[in-house]
Protein chains: 2
Amino acid sequence: MINKEEFRRKVIITAGAIFSRYGFKKTTMDEIAKGLKMGKSSIYYYFESKEEIFEAVVLHEANILRNELTTAIKSVESPVEKLKNYVFVRMKTFEKLSNYYNAIFDKNLDHFDFVENIRSRYDLEELAIIRLILYHGARKKVFSVSNSEYTALAIQTSLKGLEVPLFWQKKEVNIEDRLNAILDVLFHGILKK
Amino acid sequence: MINKEEFRRKVIITAGAIFSRYGFKKTTMDEIAKGLKMGKSSIYYYFESKEEIFEAVVLHEANILRNELTTAIKSVESPVEKLKNYVFVRMKTFEKLSNYYNAIFDKNLDHFDFVENIRSRYDLEELAIIRLILYHGARKKVFSVSNSEYTALAIQTSLKGLEVPLFWQKKEVNIEDRLNAILDVLFHGILKK
DNA sequence: GACTTATCGACCAATTTATTCGAAAATTTT
DNA sequence: AAAATTTTCGAATAAATTGGTCGATAAGTC
C-alpha cells in the first residue's frame with residue numbers, strides 16, 4: 001500500500017458497499033476484512049473502530065452528494081435550470097447513498113452524534129446553496145422572493161419530505177412524479193408573471 | 001388465529017421476506033417476531049427452531065416454482081412453446097425466490113441436509129417435466145431427440161448455469177439475452193429441418 | 001542489521017441470540 | 001362458571017457471535 005489514506009479510501013468503498021446492503025449493525029468487521037482480503041485486526045491499524053469506519057463512509061457519501069450538487073448547478077446558467085437541476089440531482093443521488101440516509105433516519109443509529117454533526121452541517125450548506133440560487137434568480141428578475149432565507153427553508157423542507165419514503169420503502173414508486181409536482185408548484189408560485 | 005396451519009403460513013410469508021433480505025444467519029428470531037407482532041417465544045409454539053422456519057420457507061418457494069412451471073407449460077399447446085415457456089418462467093420465477101437459491105448456493109447453508117433433499121427432489125421432478133416435453137415434441141415430429149434422458153439433462157444443466165450469476169451478482173445484467181441465445185441454439189439444433 | 005511500518009492469529013470481554021420454561025391470558029369444553 | 005385446553009409471553013440461560021486488544025512477526029526502509 002502506498003499510504004494510509006489510500007488504504008482508508010479502499011476500506012471506505014468496501015465497507016460502504018457492505019453497510020449499504022446490511023446496515024451498520026448487521027455488518028461485521030469480519031465481513032469487511034474478508035471484503036478487503038485482510039485479517040480483521042489489520043483494519044484496526046487504519047481505523048479505531050467499526051463506528052469510525054461507518055462515520056467515514058457516511059461522510060464520504062455526504063461529500064459525494066455535495067460534489068454532485070455543485071457540479072449540477074454549475075452546469076447550467078439560468079436560475080430556473082439551476083434549481084431544477086439541484087432538486088433532481090439531489091434526489092437521484094440520495095437514492096444511491098443508502099448509508100447516508102440510513103444514518104439520518106434509522107432510529108437505531110441516532111445515538112451516534114457524528115450523524116447529527118454531519119447532518120446539521122450539510123443542512124446549513126444546502127440552505128446556503130438554495131439561498132444563493134434564489135438570490136441570483138431574484139437579481140435576474142426571474143424569481144420574486146420576499147425572504148430568501150425562509151423560502152430556502154421551505155424548499156429544503158419539502159425536499160426532506162421526499163427523502164422519508166426512501167428509507168421506509170425501498171421501492172422508488174413515484175418519487176420523480178412527486179418531485180415534478182413540487183417543482184411545478186414551486187415555480188408557478190415563484191416565477192414572476 | 002383459526003388454526004396452526006394458518007399461522008404457520010403467516011410465519012412463512014413474514015420470515016420469508018426477512019430471510020430474503022438478510023439471509024438466514026443475519027435474520028434474528030426477534031425480527032421475525034416483530035414482523036409478526038408477537039412475542040419471540042410464541043413462535044416456538046408453531047415451529048421447533050429457526051432452521052425449521054427456514055426449511056418451510058425454502059420448501060414454500062420451491063412449491064411456488066413448481067406451480068408456476070406447471071401452469072406455464074399447460075398454458076400452451078405446441079412443444080416449442082412449452083419449452084420456451086418453461087425456460088423463461090423458470091428463470092423469471094427463480095429470480096424472485098431468493099431463499100431457494102440462497103439455500104442451494106450459499107456455502108454457509110449447505111450443512112442443512114434438508115436443502116440437499118429439496119434440491120435433489122426438485123431436480124428429478126424437473127428432469128421428468130423436460131423429458132415429457134421432449135417426448136411429446138418427438139411424437140408430434142417437431143423435435144428430433146435421440147435420447148430424451150440425456151437431452152433433458154443437457155437442458156437442465158445449461159439452465160443451472162444461468163442460475164449461478166443470480167447468486168453471485170444480484171444485477172440481472174443480461175439473463176434474458178443469454179436465455180434467448182441458449183434457446184436459439186437449443187431449437188436450431190433440435191428442430192427437424 | 002537496526003528500525004519502522006504493516007499484517008496477522010489467538011484471545012477476551014461484552015453483547016447478542018436461539019431456545020427453554022413456567023406462568024398467565026385467552027379460548028373452548030364441560 | 002369451573003375446568004380443561006390452547007395460545008402467548010417475559011424472564012432466564014447457555015451458547016455463539018463479535019468488536020476490539022496484544023504480542024509476535026513479516027515486510028520494507030534506512
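Residue numbers start from 1 in every chain, and the chains themselves are labelled A, B, ... in the order their sequence lines are given, proteins ahead of strands.
Rounded to whole Å, atom P of C:dA25 lies 16 Å from atom CE of B:M38. What separates CG of A:L36 from P of C:dC8 is a distance of 10 Å, to the nearest Å. Remark: P of D:dT8 and NZ of B:K34 are 19 Å apart, rounded to the nearest angstrom. Between the OH atom of B:Y22 and the C1' atom of C:dT17 there is a distance of 17 Å, given to the nearest Å. For B:N3 and C:dA26, the CG to P distance is 21 Å, given to the nearest whole Å. A straight line from CD1 of B:I53 to C1' of C:dT19 spans 12 Å, rounded to a whole angstrom. Taking atom NZ of B:K4 as the reference point, atom C1' of D:dT5 lies 11 Å away to the nearest angstrom. Rounded to whole Å, atom P of C:dC8 lies 13 Å from atom OH of A:Y45.
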Protein-nucleotides 28-30 of chain D N/O pairs under 3.5 Å:
none

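Listed by chain and number, the residues in a ring-ring contact (aromatic ring centres under 6.0 Å, His included) with B:Y122 amount to none (sequence neighbours excluded). The side chain to side chain contact (heavy atoms under 4.5 Å, CB included) test applied to B:T28 returns A:K26, B:D30, B:E31, not counting sequence neighbours. In this structure, the ring-ring contact (aromatic ring centres under 6.0 Å, His included) partners of B:F112, at least two apart in sequence or on a different chain, are B:F24, B:F114. Partners of B:S148 by side chain to side chain contact (heavy atoms under 4.5 Å, CB included), not counting sequence neighbours, listed by chain and number: B:R131, B:V145.
Side-chain contact annotation: B:E68 with B:Y86, donor-acceptor N/O pair under 3.5 Å absent.
At a threshold of 4.5 Å between non-hydrogen side-chain atoms, the residues B:T93 and B:L69 do not count as touching.
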Which parts of nucleotides 17-26 of chain D does protein reach within less than 4.0 Å, heavy atoms only, written one letter per nucleotide 5' to 3' as B for base, S for sugar-phosphate only and - for none?
-SBBBB----
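The side-chain tip of B:K4 points at the ring of B:Y45 from less than 6.0 angstrom away and within 45° of straight on.
Around the NZ atom of A:K34, the shell of radius 6.0 Å holds no more than 12 heavy atoms that belong to other residues, nucleotides or ligands.
A salt bridge does not link B:R121 with B:E116: every distance from a Lys NZ or Arg NE/NH1/NH2 to an Asp or Glu carboxylate oxygen is 4.0 Å or more.
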